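To keep things clear, I will list the structure first and then write my remarks on it.
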Amino acid sequence: MNEFLHGLQMLVSTPLVFVAIGGLVWGILGGAMPGLSASITMALLLPFTYTLEPSMAIVMLATCYIGAEYGGSIPAILVRTPGTNSAAATVLDGYEMKRQGRAGEALGISLWSGVIGSLFGLLMLMTLTEPLSRIALLFRPTTYCALGILGLSVIASLSGKSLLKGCIAAVLGMMVATIGTDPVDGVSRFTFGTADLLDGVAPIFAMVGLFAVSELMTRSGTSGTEIGRQEIRLRLPNFAMMKKLWPAQAIGCVFGTLEGLTPGGGGAIASFLAYNEAKRWSKNPERFGKGAEEGVAAPETANNTVASTALIPLLSFGIPGSNSAAVLLGGLLIHGLLPGPRLFEENTDVIGGLYVGSLVATIAQLAVGFLILPVCLWLVNRPRPYLAAFIFALVVSGIFTLNMALFDVGLVLAAGLVGYLLRSFGFPFLPAVLGLVLGELVESNYRRSLQLSGGDIGIFLEDPIAIGFLVAASLIVVGALVREWRDATSKRKVST
Amino acid sequence: MDMNRRSFGGLALGAVLSGPAISASALAAAPAPVAYPHRVVTLVTHSSPGGGSDVFLRELIRHLRKYINATFIIENVTGGSGARSITRVAAGKPDGSILYATTPTYIYASLMSRTPHTFRDLEPVVNLFTDSEIVYTRADGPFRTMKDVIYKAKTARGRWGAANPASLERQAAEELKRQAKVNAAIVSHEGGGDLMINVLNGTLDIGVGEIAETRAQLQGNKIRVLATFNPARLPSFPDVPTIKDLGYPVVMEKFRGLAGPKGMPANIIAIWEQAAQRVLADPDYKRAYENEALIPNYMAHDRYAPFIAKFADNTTQFLKQNGVIR
């Protein structure tokens, strides 16, 4: 708490407010750009922080992270393209709401949920860093493998009409995840000898291709130049809606906290799991996928919670909880700050600034949202050909600037073609994305576990958390199968 | 850009570790910047901003300005596991206007795939440092010395960890396992953070990594340093034996230096050789790099080129032995 009070003084004695809002705005813009993930947005900002004071530099990076996690939901809702990995789950109900002409409402819910998630994560960071940091140490390779399997069990809720097609799409994603340097032995797999594929296919590239490019291709196939009919006003949830959303948001907070503490996933697992659980605990699960407000609230709360809780293992051990936290670690190191217990004792201005700066950014998020969201809504209301051309230019230039590599652009366009084919045959995308994100987590940690035990699969039984995850995963899978079977039999009854 | 796959730690500037001063060179006495044929010199790295080589270069140029009269800019050419940055430099003019920050990564990237350009297309100019590579275990664990670790691996089965699959650390661990004739699983991870968690929670007996990646835990007394893979004892840990001291002929030299496009003129190389010696002796820079546990290891051009060639041969052999490449 002392750090917090110290941080409050910094509000007037330093340019904290400007730095926090600057970082936030940059983060939102970067997060909203399809192709720029949160970590890349932060890496682009990093050189600009070299000349700032250490405490200000850290505030700017942390608020940029908060902004990017929120910004990713804007294109997810408006143009069906998640701006960041962790906004993928938001596409399902967010874009559906937009199709129903409720884009302003969906953006309001995502903004509100982002604020709730940030506040909760910040509260955890300020009060429970010490006890929560111990959880990070409980995760072994077996635990990570089980966590990944738990994540994969969500496929059923993302599959839409056909569970079989969902599973096929997921396997496709997992196959793509094997491209690149083998995470355990270092052998190059399916790279065709080129260095461009050594790092594998980044999930964000696959997502931009699958969602944005395939959507543009589909649209170009239909005639008509009608103008979008979205309400331009951003609508924050009213009191009744807030009451309706809170269970979904609470679920998001819990998964966001867990995910932030455990290095590896980076928000994507949290938002998918939160979506799945919000659907399961909802009174009307059948509304999910058809524009349910909770379907936007749960993942958006989860990924914004991660933005704060990922700092817990970072600040207490120097171990980043996500790729974005790894960039923040780079920022700390460049300014000569070493994470660990002594950071809290010796650099109260950094910690205090971080707390208060994040709080300022969270509140400012509402104001910034009110300023930029109407502009975004206006943009998607332009005639469709212009909009499609604009998005294409945005996507291609964004991807190209990342590494200045035409190869990446080709990769995204190829993913777009795959997406177009999947769409034509009625396959859902999200299981493929999930398979791509989780494939490596499951595979590498499974192999590591077996290396540790010398090939004995019994090592999983020695890890109680892993057992818990695996039991939960099997319950979810069995539940989905039972539902599928019940639906199938009831359909048969109707038809006879 | 996957940060976790790379070692995230890099170099830090905090004031924790300090060692005995290295004999100062007389060259540092009267610094006057040497004239250079280019006004702007581009230093390329495969690191993203904040990564290991990026931090190294940024600290270096702060002091290099005193010795070479030029403006240095850093270009982060990421992607392709380092291959893109090699191409960027190899395609540049060999006139001293563009240089590359070398680390073992550029050898690995060249050997592991068919890249348009390889380390053979670059001319090693000078070497500056060797990183401090240590073997560490958790402080409250059962291992007090390296002997305990070897004993466990001999009598039962050891569990050793390295940060990345295609890395010098894994190469060193495999080599030690072979030389000590023990039974150990060598588990590679997705970066230093991942590895550290598994050492701290007792999943692994030991981890092999750079000091820079383990400093938060060293400072908090969470880990114990058992040995170093460096050729000599570390100035910051004079009591910690080298693996060679323990009777196993395994040495790891994680180098940091500069390379340029093939065909650089001798006079440019001479300027860099002189400047490298002078900057290493600079008291301000010395303070900074000693804090980062970087060990000065100056190699002139005529020593550095054969060193890199030998390093590449050893690495090729290792990768072939382990079935990584054919």
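Here is the naming used below: chain letters follow the sequence lines, and residue numbers restart at 1 for every chain. Because only heavy atoms are used, hydrogens play no part in the values below, and waters and symmetry mates are left out as well, while side chains stay in. In this text the structure is predicted, and so the values were computed from the model without any measurement.
Using a 4.5 Å cut-off between heavy atoms, B:Ile186 touches chain A through its backbone atoms (N, CA, C, O) alone. Residue A:Thr191 does not touch chain B at all, counting heavy-atom pairs closer than 4.5 Å. Contacts of A:Phe192 with chain B are made by backbone atoms alone, with heavy-atom separations under 4.5 Å and no side-chain atom involved. The contact between A:Leu137 and chain B is made by backbone and side chain atoms together, counting heavy-atom distances below 4.5 Å. When heavy atoms are compared at a cutoff of 4.5 Å, B:Asp54 approaches chain A solely by way of its side chain, counted from C-beta outward. Only the backbone of A:Asp182 comes within less than 4.5 Å of a heavy atom of chain B; no side-chain atom from C-beta onward does. Heavy-atom distances place no part of A:Pro203 under 4.5 Å from chain B, backbone and side chain included. For A:Ile459, the part lying near chain B is the side chain, with the backbone staying farther off; criterion is any non-hydrogen pair under 4.5 Å.
Counting heavy atoms from C-beta outward, B:Ile61 and B:Ile73 have side chains that stay 4.5 Å or more apart.
For the set A:Val184, A:Leu138, A:Asp408, A:Leu452, the count of heavy-atom pairs under 4.5 angstrom toward chain B peaks at A:Leu452. Among the candidates A:Ser316, A:Pro183, A:Pro339, the residue making the largest number of heavy-atom pairs closer than 4.5 Å to chain B is A:Pro183. Among B:Ser188, B:Ala83, B:Ala185, the residue making the largest number of heavy-atom pairs under 4.5 Å with chain A is B:Ser188. Counting heavy-atom pairs closer than 4.5 Å to chain A, the top residue among B:Met112, B:Lys222, B:Arg58 is B:Arg58.
Under the 4.0 Å criterion applied to side-chain N and carboxylate O atoms, A:Arg189 and A:Glu443 are assigned as salt-bridge partners.
Checked by atom type and distance alone, the side chain of B:Arg84 never pairs as donor or acceptor with a backbone atom of B:Val77 at under 3.5 Å. In this structure a side-chain-to-backbone donor-acceptor pair under 3.5 Å is missing from B:Asp205 to B:Trp160.
When the side-chain contact (heavy atoms from CB on, under 4.5 Å) test is applied to B:Arg287, the partners found at least two apart in sequence or on another chain are B:Asp284. Considering only residues two or more places apart in sequence or on other chains, A:Val442 meets the side-chain contact (heavy atoms from CB on, under 4.5 Å) condition with A:Cys145, A:Ile149, A:Leu152.
A tilted orientation is assigned to the rings of B:Tyr100 and B:His46, their planes being inclined by 30° to 60°.
Side-chain atoms of B:Asn201 and B:Thr203 include a donor-acceptor pair closer than 3.5 Å.
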